[in-house]
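All residue numbers refer to positions in the sequence shown, counting from 1.
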Amino acid sequence: MRTLECEVDETWIDINDHMNAQYYGIVVYRAHAAFTDALGLGDEYVRQTGFGKVVVQSAMTYEREVRRGTSLAVDSWLLGVDAKRLHFFHEVHTLGDRTRVAVSEQLDLHVDLETRRTTPMPPDVRTRLTHFAAEQGEAGRPDGVGRTIRFPRN
């Protein structure tokens, strides 16, 4: 699902004349917030239920340099859902030629914002999200899911 399109802001360019790593995170964060809304877990869900979600694990892989003036797009997947966890993947690419420049994978927990503890999602929400993840999965999983950092062997 396309969750964000944006232009690289001039202030995101660093001394190396490319987008600084911190701004990849901002782009993904904005896409993740939009995806959260699209999934029905955004601000209105929080206000109505007193539940929210928090990121507990995140990994970003930078694949290509991004230069000033580049238009970016983010496509997002909900890879899996269980009672308390949501597994997300975001793919950042250039809008023009669709060159993939970064990926981000994260695990969120569903929480009760009063107790500040994890809590199961309401059954109807979990069912809806499980179906959505299955529908997205029918198109295949994006490349790079489950990567870990490995130091090269000498």
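Listed by first then second residue, pairs satisfying salt bridge (Lys or Arg N to Asp or Glu O under 4.0 Å) with a partner in residues 111-120 number zero, not counting sequence neighbours. Among pairs with a residue in residues 89-104, those fulfilling salt bridge (Lys or Arg N to Asp or Glu O under 4.0 Å) read E63-R100, D75-R98, E91-R100, R100-D143, at least two apart in sequence or across chains. The salt bridge (Lys or Arg N to Asp or Glu O under 4.0 Å) pairs that include a residue from residues 16-29 are D17-R67, D17-R68, where partners are two or more places apart or lie in different chains.
Taking the side-chain contact (heavy atoms from CB on, under 4.5 Å) definition, one finds that A133 meets it with L78, sequence neighbours left out. For A83, the side-chain contact (heavy atoms from CB on, under 4.5 Å) partners at least two apart in sequence or on another chain are P120, R126. For E44, the salt bridge (Lys or Arg N to Asp or Glu O under 4.0 Å) test picks out R47, with sequence neighbours left out. Scanning for side-chain contact (heavy atoms from CB on, under 4.5 Å) contacts around V46 gives L113, with sequence neighbours left out. Partners of H18 by side-chain hydrogen bond (donor to acceptor under 3.5 Å, both in side chains), not counting sequence neighbours, listed by chain and number: E65. In terms of the ring-ring contact (aromatic ring centres under 6.0 Å, His included) criterion, F132 has no residue partners (sequence neighbours excluded).
Residues S71 and E7 share a closest heavy-atom pair of OG-OE2, 2.6 Å. Taking each heavy atom of G40 and Y45 in turn, the nearest pair found is O-CB, 3.2 Å.
In this structure, CD on E138 lies 6.5 Å from CD on E135, to the nearest 0.5 angstrom. To the nearest 0.5 Å, atom CZ of residue F89 and atom CZ of residue R141 are 9.0 Å apart. For the atom pair CZ (F88) and CD (E105), the distance works out to 11.5 Å, reported to the nearest 0.5 Å. In this structure, CG in L109 is found 10.0 Å from CD in Q57, a value given to the nearest 0.5 Å. Separating the CG atom in L129 from the CG atom in L41 is a distance of 5.5 Å, to the nearest 0.5 Å.
A donor-acceptor pair is defined here as one N or O able to donate and one able to accept, closer than 3.5 Å; no such pair exists between the side chain of S76 and the backbone of T3.
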Please set out all donor-acceptor pairs under 3.5 angstrom arising from side-chain atoms of residues 29-37, sequence neighbours excluded.
from : atom 1 : to   : atom 2 : distance (Å)
H32  : ND1    : H90  : NE2    : 2.9
H32  : NE2    : K53  : NZ     : 3.0
H32  : NE2    : Q106 : NE2    : 2.9
H32  : NE2    : D108 : OD2    : 2.9
T36  : OG1    : H32  : O      : 2.9
T36  : OG1    : K53  : NZ     : 3.0

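Hydrophobic cluster membership for I26: L4, V8, W12, I13, M19, Y23, Y24, V27, V28, M60, Y62, V66, L72, V74, V92, V101 (Ile, Leu, Val, Met, Phe, Trp, Tyr linked by side-chain heavy atoms under 4.5 Å, directly or transitively). Hydrophobic side-chain contacts under 4.5 Å tie V55 to no other Ile, Leu, Val, Met, Phe, Trp or Tyr residue.
Residues V81 and M121 have side chains in contact (heavy-atom distance under 4.5 Å, counting atoms from C-beta outward). Residues L95 and C6 form no side-chain contact, since every pair of their non-hydrogen atoms from C-beta on lies 4.5 Å or further apart.
Each of T49, V125, T119 was checked for a side chain to side chain contact (heavy atoms under 4.5 Å, CB included) with H110, and the lone residue meeting it is T119.
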